[in-house]
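A quick write-up on the structure given underneath.
Quick note: numbers below take in every heavy atom, side chains included, and nothing from hydrogens, waters or symmetry partners. No experiment lies behind these values; they were computed from the predicted model shown.
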Amino acid sequence: MESEGGGDGRGGAEAAEFERLVSEAMEQCRARGEAPAVWSAEVAKCVVSRGLELPSAELGQVLVSHLSSNFGEPSLWKFLDYAMASRLISSLHVLCLLTPRVLSCRQGQPEAYRLCLDLLARYTFSPEDFPSKASRDKIVRAIDANLQLSRIYGINVGELGQTLVIFFFSTIVSLIDSTMDDWGLQIASVGGLSGSFGSMEHHQRNVDIRGSRDYRRSGHREYIRNTNSLIAMEVLENLTRSRKALALLRLVHKDMPDKFNGLLQRLQFLETCKLPSPNLISAKEVLARLSSNIHKVLAFESDLKRSFIGIFLDMKSNKSVPCSDSPSALSACWVPFDLYMETAMDARLLPETSATAILTELTVTLQALNRASWQETFLALWLSALRLVQRERDPPEGPIPHLETRLCILLCIVPLAIPGVLMDDIDLSYTSSCDLSASILSDTGHGHMIDEKVHELRRNGFISSLQLLGQFSGLLYPPELVQDSANSAAAKAAVFTSKQMNGSDSISVGDHDVLVKCCGNMWHLIVEACIARRLIDTSAYFWPGYVHTSVLSIPDSSMKEMSPWSAFMEGGVLTASLISSLVATPATSFSEIEKLYYVALNGSNEEKSAAARIICGASLSRGWNIQEHVVKFVVKLLSHLVRHNGPQSYFVESMTMLSAILFGASSIDTVHILSLHGAVPEVAAALMPFCEVYGSLNPLSSSESRTSEEPSVYMVFSAAFLLLLRLWKFYKPPLEGGGTIEAALTLEHLMLLHNSHISLASHDFAPQNEVNSSMNQTFFASDEPVYIDNYLRLRAWYNQNRSCVASPLSNLCSGSPVHQVANKILSMVYWKMTGSTSSSGNSSMTLTSSSLGGSPTSAGEEPYQRPVLCAWEVLEAIPFVLEAILTACAHGKLSSRDLTTGLRDLIDFLPASLAIIISYFSAEVTRGIWGPVPMNGIDWPSPTQTIRSVESEINEILAAAGVQTPSYYPGVATTLPLPMAALVSLTITFKLDKSLEYLLAVAGPSMENCASYCPWPSIPIFGSLWAQKVRRWHNFIVVMCSQSVFRQNKEALAQLVRSCFTSFLGPLDDLSSPLTNQPCINRLLGSKISAHGVPPLMAPGFLYLRSCRFVQDKQYLSETILRLVVEYGSKLATRWAETSSSHLKSGQASLSLAAARIREVGLLGASLLASAGGLQLAQDLFRGIIPTWLLTIREEKHGEETFASRMFEGYAMAYFAYLMGTFLFGSREKAAPCAHARRSRIFGVHMDFMARVLVGNVPLGCDPVSWKAYISCLVGLVVSFSPAWVREVKHETLVRLARGLWGWHECELALALLERGGFATVGPLAEFFSVMD
């Protein structure tokens, strides 16, 4: 039976009949003067006789209807109260129907208003009990139909819990609005909420306001009317004080922020306005308490702290950064900063995501996790960057990034990340910074006012962190590369302060001498970098100790020397000498580099080329104060050339300028810097059209004259092509087996990133972890999406290369265009080998050509004449040429020397051929079909001169890092697979010339990667040959070889990981080590990477970071780290129990200290694993490795496992899992769409697994104590620090998890989980209200 109206005629008749029966029963009871209990019994008979369930929506409708027509009848109020208490009717339903009616006539019926307030105070949060879901749904529909909640709030109100949230919030707003109206206060409708419960006209039609003409004559009624407003505020103050109210208002704040801000505005208005009567002074106190209750929602921390797991999560100890100059100046809880920065220094990685975005996300995450002040957070960030620079003050020489890249992190990337942190929206409803004082939480403002204070606190913390840097003198000593720049920065500050104190604006001759007298350090460079980006102003020059008072100004005219940039800005002509000076001197201001950019666009051809060279010179590598702008201009220059739709002659004319850009941007340091700025997808998108166009142009024939400085089509194509392939990291062949590896980076993936950046920028949505905020839309190479299918020749080669890598070459049809090109190339290569034009009687040539099925040359063609072919035709034919000459060499028809000569000639002919040679040889090595060849110095170069010393030094490096590897007998043959031998022999013919760095940058990582798939000692052989060629690279080569050990050797990898844990946390079995011992970052990563003159000794963490990305069996690595995390957690429990300190053995202090140590274990494990790979590793961890560990039954170690050890195992694993997820897909709610999808796909699946185990659908293998600790800690971490994750988990999963936690008596944790689930979980949340207070 329905009573909401709108039914058919029969339904209306039944409703009328039911109302008649109830009315008669109540009238009879009133006439007899019966007690409310009798009324209830009689009315209940009517309900049952009509086949209705209790509580009855129909009965509630009837009672409210009768009461509304006669508010002055006391017996009706008594019966209503009893009916609500005895559950005859739904208290929520009745209050929803009654409250709007009473509020609309409160002036005429003050007694009814007083009674209604009493009912609100007693029954708002009374538990509801329905016999069936149908009965509950009927109540919800009745309330929604009467109050129009779905229409007013714009949501589908379909659950009782949702109805309670909206009714409670509407009641608060309605009572406040009514009180303001009663006091004669007017405020415009705010928060999008007009009239509290919506329009109340339909409630007023049936209201009988008897006595309204003479109500002012009654002094008693006037007294009630005057006190009702104060009582209404007292009722609200009492209601909002409860835990239930906080939970409900929290949902409104998160899901309907505009409505909640409207409530805050009302409270602010009430607190600031002048009340109309001095008798309302007590109302001020009530309003203050009410406002305090409401504002607690903004910085609400759940009552988890009262539980054991809450104490475990509330770790604020041991996080501070001591202001000292000690080696351990950086606390262990900030170690992810150090590990990420050091990982970013590996030039082989070239990440496609901006380091600025990653550091921004990491900073916000660690600040919340460590519950640290912003001063501590920013100071830790600066110290990590300083340690990064100091760690490689004197690096080994080699084809690796040098100090410029490390300084880029300190002086450019970190300052660029700070604005993102300062302006990041903080969610005060989920986290509470120790910076937030009580004054902010009780602030009478709202919304943006609190945000402004939070941002001010962050800014103050940032400035104070800069001021404290001056105390760390041991980390501030400048490397020689920047000593002059540091002195200049100190001199600049000294001159500025001197002028300010003397009141002079003129520059005297003596100002220049300050440069000589000032001794600057890294602090001065950091401050200048921040001033350049307007993070601070020149008031920093007056900080204590920043400018030494001993600096004197002594005139010295010899110091007056104009900067080349000053000459350029004053209109100087770009002569050869000025160009050289500008290339070697970094620009100091944006205006300088901007002017140069426009010269590159609009100048003459010579000026364009010169400007391109200058932009890609020192300004790009060392112009740290403006580096982000230089990167942007480099991409814009490429973009300008790409967008030109003119004839091919335009591209020929632009070769000089393009060549200057490509070769300037191809150095190892420069490419690395571009990747740190997140420019990899954009540069790749810009290079693709150049490869397409220049690869399709026919070069000039050898008979045509060219100047030696003029770039050729082949050279420009090769520079663009090889740079594109470096960004793509093409040299990594797929692995067959060997465990889980990270998904291969493809050109399609790079273009997908580029296109997504364009899409986000065009929609004004550019989160920090996707698009660097310092790069506006002009940063992109194209405003339109870029697809590889748009470039037909590039796509054809790309598909051919993938086929070549995946499977052996198929037979080539004789007479096909590719066959003809291959023959021409073979003829050219053969002529270079022999210097002869005749092939008669030469079995080598006959065999080589016959393998292609044709004659080597056509009649009348000169073999020594280099063929005139476009680059794409050459690249398409090279794999078949390589197969032919490699086969000839394997059969003894071609000598190794001739093979190397031919390959080198091929590269001299078309440098881009190197990529094809590497790709083909690497694929052949992994297939294992070529036999080994002896590296004996006769057929192939011999490494015997240095291999024993190299192997000895490798063992020394590994032993120093705690790794013991088996020794190889001196009699082991030095052999390499034929393709590997050919590749090594080819590369050692390269000259170490700056102009060939773009070739070495491709060859180096490729050879290292290729050698790692060969059996040991292939790596030492390869390293020894190069060490013999370039002796000054010896230390670099030995370190590189030692890193390669861990690619295949699982035992060595496990030892290295354990050594990382031991060096940072201390020995696992050393129970004498107290819990108060601080972990040491210097032991993990080392304070200095290498020292000349002795075998370089590498810290275990450094070796790990340089090798973990290239480990073939990533699953084994993940399992090893997880196993160590669990072991250390267990041992920490033993150390905690056996500590000799009686103080630590008692209470919360002991538990907090143990929790801090466990967090450090999880932090180290997660940081190490996150450094080893991307989302694939996280997916394997959450979907496979951790579930397998939890479901596997293990043998118990008698006497070693205790309750505490099993519990700590679960906690350590929970920290490890949570931090791993946080590092890889972030914790903030405002993330890119892809981040939400990743969290839902990876973490959501893991939550599903936990819920299935909790309800008994999956049998558990591990100890129940560990399982409970893991679930409780992981859920606690998520709800405390990453609440955004909860909303991406299925509603059903959250409910099952909450009920499981409830069964473990983790009530507060279950409630916190459901609160963060939003409106979807309000229903289950309401089920737990009975135990909230």
Side-chain angles (χ1 to χ4, degrees), residues 336 340 343 349 351-353 358 361-362 365 729 732 734-746 748-750 752-753 756 769-770 1053 1057 1108-1123 1125-1126 1162-1163 1165-1192 1213-1228 1231-1253 1258 1270-1271 1274-1275 1277-1278 1282 1284-1290 1293 1297:
Y340 167 70
T343 300
L349 301 181
E352 61 272 12
T353 304
I358 296 174
E361 181 72 34
L362 187 59
T365 297
K729 296 189 279 288
K732 289 185 176 181
L735 295 178
E736 299 178 2
T740 303
I741 61 171
E742 186 178 359
L745 182 66
T746 62
E748 290 93 343
H749 177 67
L750 283 180
L752 180 64
L753 289 174
S756 66
N769 60 337
E770 290 295 331
L1053 177 63
V1057 175
C1108 61
R1109 283 292 181 115
F1110 306 95
V1111 170
Q1112 296 176 14
D1113 193 344
K1114 294 289 182 66
Q1115 181 173 344
Y1116 176 81
L1117 175 61
S1118 301
E1119 292 171 348
T1120 300
I1121 293 177
L1122 176 60
R1123 184 167 56 252
V1125 167
V1126 171
L1163 195 64
S1167 301
L1168 292 178
L1169 189 56
S1171 301
L1175 293 174
Q1176 184 64 43
L1177 266 181
Q1179 180 170 304
D1180 293 340
L1181 182 71
F1182 283 109
R1183 289 188 174 186
I1185 295 173
I1186 290 180
T1188 300
W1189 193 93
L1190 293 170
L1191 299 178
T1192 302
M1213 189 163 57
Y1215 268 104
F1216 170 62
Y1218 167 74
L1219 292 168
M1220 180 65 179
T1222 301
F1223 292 154
L1224 292 181
F1225 39 74
S1227 60
R1228 294 185 292 171
C1234 59
H1236 293 287
R1238 293 166 185 169
R1239 291 198 290 244
S1240 177
R1241 185 175 70 251
I1242 298 175
F1243 183 73
V1245 171
H1246 189 63
M1247 296 285 274
D1248 293 340
F1249 158 76
M1250 293 191 299
R1252 289 196 304 272
V1253 177
V1258 180
Y1270 175 74
I1271 295 289
L1274 181 60
V1275 174
L1277 287 168
V1278 171
S1282 301
W1285 293 12
V1286 179
R1287 299 203 173 195
E1288 294 160 10
V1289 179
K1290 296 176 184 176
T1293 299
L1297 280 172

* Can you list the steps and then say if S1167 with L1219 is a side-chain contact (heavy atoms from CB on, under 4.5 Å)? -> CA-CA 8 Å; S1167 301; L1219 292 168; over 6 Å; no
* Closest heavy-atom pair and its distance - L1224, G1173 -> CD2-O, 3.9 Å
* Residues V1111, Y1116; criterion side-chain contact (heavy atoms from CB on, under 4.5 Å); working and verdict -> CA-CA 9 Å; V1111 170; Y1116 176 81; over 6 Å; no
* **M1247/R1252 under side-chain contact (heavy atoms from CB on, under 4.5 Å): CA gap, chis, key distance, verdict** => CA-CA 9 Å; M1247 296 285 274; R1252 289 196 304 272; over 6 Å; no
* **SB check D1248 K1290 (cutoff 4.0 Å)** => yes
* Structure fact -> Tightest non-hydrogen contact, residues A1214 and L1277, listed as O-CD1, 4.0 Å
* Mutual orientation of the aromatic rings belonging to Y1218 and W1285 [parallel < 30°, tilted 30-60°, perpendicular > 60°] -> tilted
* To do: Check the pair W1189, Y1270 against ring-ring contact (aromatic ring centres under 6.0 Å, His included), reporting the backbone distance first and the verdict last.
  => CA-CA 12 Å; W1189 193 93; Y1270 175 74; 8.4 Å; no
* To do: Could you please spell out the steps behind the side-chain contact (heavy atoms from CB on, under 4.5 Å) verdict for T1188 and E1119?
  => CA-CA 10 Å; T1188 300; E1119 292 171 348; over 6 Å; no
* Grab the two heavy atoms, one from T365 and one from T1222, that are nearest each other, plus how far apart they are. => CG2-CG2, 2.9 Å
* M1220 and side-chain contact (heavy atoms from CB on, under 4.5 Å): which partner among L1177, I1186, I1242? -> L1177
* **Closest non-hydrogen atom pair between R1109 and K1114, with its separation** => O-NZ, 3.4 Å
